[in-house]
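The structure appears below as structure tokens.
Computed over heavy atoms, backbone and side chain alike; hydrogens, waters and symmetry mates excluded.
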Amino acid sequence: MSVMDAIVVTKPQARTSASLEKPSLIGMSREEMGAALREKGVAEKQIKMRVSQLWNWIYVRGVSDFDHMTNVAKDMREMLKQHFTIERPEIVEEQVSNDGTRKWLLRFPPRGAGRPVEIEAVYIPEEGRGTLCLSSQVGCTLTCSFCHTGTQRLVRNLTAEEILSQLLLARDRLGDFPDREAPQGTIMPAEGRKVSNIVMMGMGEPLYNFDAVKQALLIATDGDGLSLSRRRVTLSTSGVVPEIFRTGEEIGVMLAISLHAVRDDLRDLLVPINKKYPLKELIEACRSYPGLSNARRITFEYVMLKDVNDSLEDAKGLIKLLKGVPAKINLIPFNPWPGTNYQCSDWEQIEKFADFINSAGYASPIRTPRGRDILAACGQLKSESERMRKTERLAFEAMMIANHGADD
């Protein structure tokens with residue numbers, strides 16, 4: 001079977017123009033949902049009960065049509081249809097890799113951007129888990145020199161609804177809600193949830209959209225709804241130091257740091273936010289992360305760039321930098337893209353680097369290639385207008401997020 005034979009493309013129906021004008025109940029807190037119902041004339045004594053009903057239907061049952069809420073009175077359903085929506089975003093394209101990795105190109109309303117915007121979300125199935133990589137912004141402001149996504153300018157932040165909708169849509173498509181079935185031939189974990197882990201590692205810097213990301217993740221981990229364990233949710237940042245403590249205190253999820261260098265001069269080049277928040281400040285913020293322990297380690301992402309950051313001196317510097325920080329170090333062989341000046345480190349050098357880190361007592365897994373035929377890798381998520389032609393795409397290896405968050 002060829003790579004192209006393994007790619008499945010589907011284009012479900014877009015949301016109607018009428019529904020785009022209505023506020024979505026998805027992404028609202030319970031308090032906001034109650035206020036919205038109150039404004040539409042729902043009696044005060046019914047508010048708590050109605051919110052509980054809606055919360056269950058949206059996040060436990062996964063419905064996207066008010067008519068499917070069978071224990072809600074017909075006149076109430078009609079009011080909800082008239083004033084609100086719970087529809088999913090439009091899927092512009094869905095691709096399935098021959099290793100089971102899935103990538104969705106999703107379209108959202110302009111909301112100040114001038115025209116509809118597009119983002120990507122990626123699902124990575126493994127034997128014991130299914131990880132969904134979510135985007136937090138349309139584009140990115142960080143311009144990390146090795147990152148393809150960083151070449152796309154920031155268009156706007158995503159709303160809490162738009163972040164959560166990526167999760168709801170993925171669970172729809174994977175048959176991960178009650179009484180749903182996965183598409184025939186879908187690769188997924190043998191037992192348990194199809195989406196067991198989520199990572200905020202898609203397009204954008206999550207901590208530059210803190211409030212929306214916080215609200216979306218609090219709903220995703222709400223015990224009466226989607227009920228994901230906070231130990232199975234990982235937020236990745238390039239180092240927005242002032243928001244790191246808040247992430248642990250107010251959201252309580254696992255933390256990942258896009259590190260990639262152990263010297264300020266090199267990190268200034270690779271991850272320019274380092275000029276604002278240098279390594280000393282970043283590592284100090286990590287040491288102070290609420291809940292940090294050997295059971296709740298911080299993951300440090302380290303892309304392997306040939307003759308740039310892959311020497312044994314760099315490995316020694318990494319151990320020295322992270323001394324005393326409960327940590328796991330994910331080594332990421334570089335994903336090439338057109339126009340880049342970087343090359344992936346030789347495999348032998350990556351293994352030497354990993355062996356040194358391991359001998360110092362840190363877990364340092366080398367990320368396994370995933371989704372290589374659909375450009376589903378970290379740093380390679382782009383909008384439809386900026387993505388590679390398929391013939392180019394197949395020439396480059398890709399990897400995807402895995403091994404983030406706890407297994408239990």
Check whether any side-chain heavy atom of [X] lies under 4.5 Å from a side-chain heavy atom of [Y], and answer yes or no.
X    : Y    : value
L322 : I329 : yes
R263 : D314 : yes
I198 : M200 : no

Say you draw a straight line from [atom1] of [X] to [atom2] of [Y]; how long is it, rounded to the nearest 0.5 Å?
X    : Y    : atom1 : atom2 : value
L164 : Q215 : CG    : CD    : 8.5 Å
M203 : C133 : CE    : SG    : 11.0 Å
F356 : I319 : CZ    : CD1   : 6.5 Å
I283 : Y277 : CD1   : OH    : 15.5 Å
L80  : M76  : CG    : CE    : 4.5 Å

Backbone of [Y] reached by a side-chain donor or acceptor of [X] within 3.5 Å:
X    : Y    : answer
N157 : N209 : no
K22  : K81  : yes
Q349 : D310 : yes
N309 : H260 : yes
E162 : T159 : yes
S196 : G130 : yes
D264 : P278 : no
S238 : S258 : no
Q46  : A43  : no
Y208 : Q137 : no

- Task: May I ask you to check whether T237 and E205 show a side-chain donor-acceptor distance below 3.5 Å?
- Result: yes
- Check: R102/T186 side-chain N/O donor and acceptor closer than 3.5 Å: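 On atom types as modelled, these side chains qualify, holding a pair under 3.5 Å.
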- Determine, for F177 and R171, whether the Lys NZ or Arg CZ falls below 6.0 Å from the six-membered ring centre while staying within 45 degrees of the axis.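 So R171 does make the cation-pi contact.
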- Only one of E120, E93, E118 clears salt bridge (charged side-chain N to carboxylate O under 4.0 Å, His left out) with R107; which?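 Going through E120, E93, E118 one by one, the salt bridge (charged side-chain N to carboxylate O under 4.0 Å, His left out) with R107 is satisfied by E118 alone.
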Between [X] and [Y], what is the shortest heavy-atom contact and its length?
X    : Y    : result
L158 : S135 : CD1-O, 3.3 Å
L312 : K352 : CD2-O, 4.1 Å
L259 : R267 : O-NE, 2.9 Å
F245 : P290 : CE1-CG, 3.6 Å
A216 : A160 : CB-O, 3.9 Å
F84  : M79  : CE1-SD, 4.2 Å

- Query: What ring-ring contact (aromatic ring centres under 6.0 Å, His included) pairs are there with at least one residue in residues 297-321, not counting sequence neighbours?
  - Reply: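 Those involving residues 297-321 are Y302-F353.
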Note: [X]-[Y] ion pair, threshold 4.0 Å (strictly below):
X    : Y    : value
D179 : R61  : yes
D346 : K306 : yes
E249 : R246 : no

- Message: Which label fits W104 and Y123: parallel for a plane angle under 30°, tilted from 30 to 60°, or perpendicular past 60°?
- Response: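 The arrangement is tilted - the two ring planes meet at 30° to 60°.
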- Other residues, nucleotides, ligands: >12 heavy atoms within 6.0 Å of K276 NZ: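 At most 12 heavy atoms, drawn from other residues, nucleotides or ligands, come within 6.0 Å of this atom.
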- Message: Please determine whether side-chain contact (heavy atoms from CB on, under 4.5 Å) holds for the pair Y289 and T247, giving the CA-CA distance in whole Å, both sets of side-chain angles, and the decisive distance to 0.1 Å.
- Response: CA-CA 8 Å; Y289 192 69; T247 299; 3.5 Å; yes
- Query: Step by step, would you call L235 with V233 a side-chain contact (heavy atoms from CB on, under 4.5 Å)?
  - Reply: CA-CA 7 Å; L235 183 148; V233 178; over 6 Å; no
- Task: Could you give me the CA-CA distance, side-chain angles and deciding distance for R180 and L174, then say whether side-chain contact (heavy atoms from CB on, under 4.5 Å) is met?
- Result: CA-CA 8 Å; R180 312 284 178 86; L174 294 166; over 6 Å; no
- Message: Apply side-chain contact (heavy atoms from CB on, under 4.5 Å) to residues I350 and F334 and explain how you reach the verdict.
- Response: CA-CA 11 Å; I350 296 174; F334 175 61; over 6 Å; no
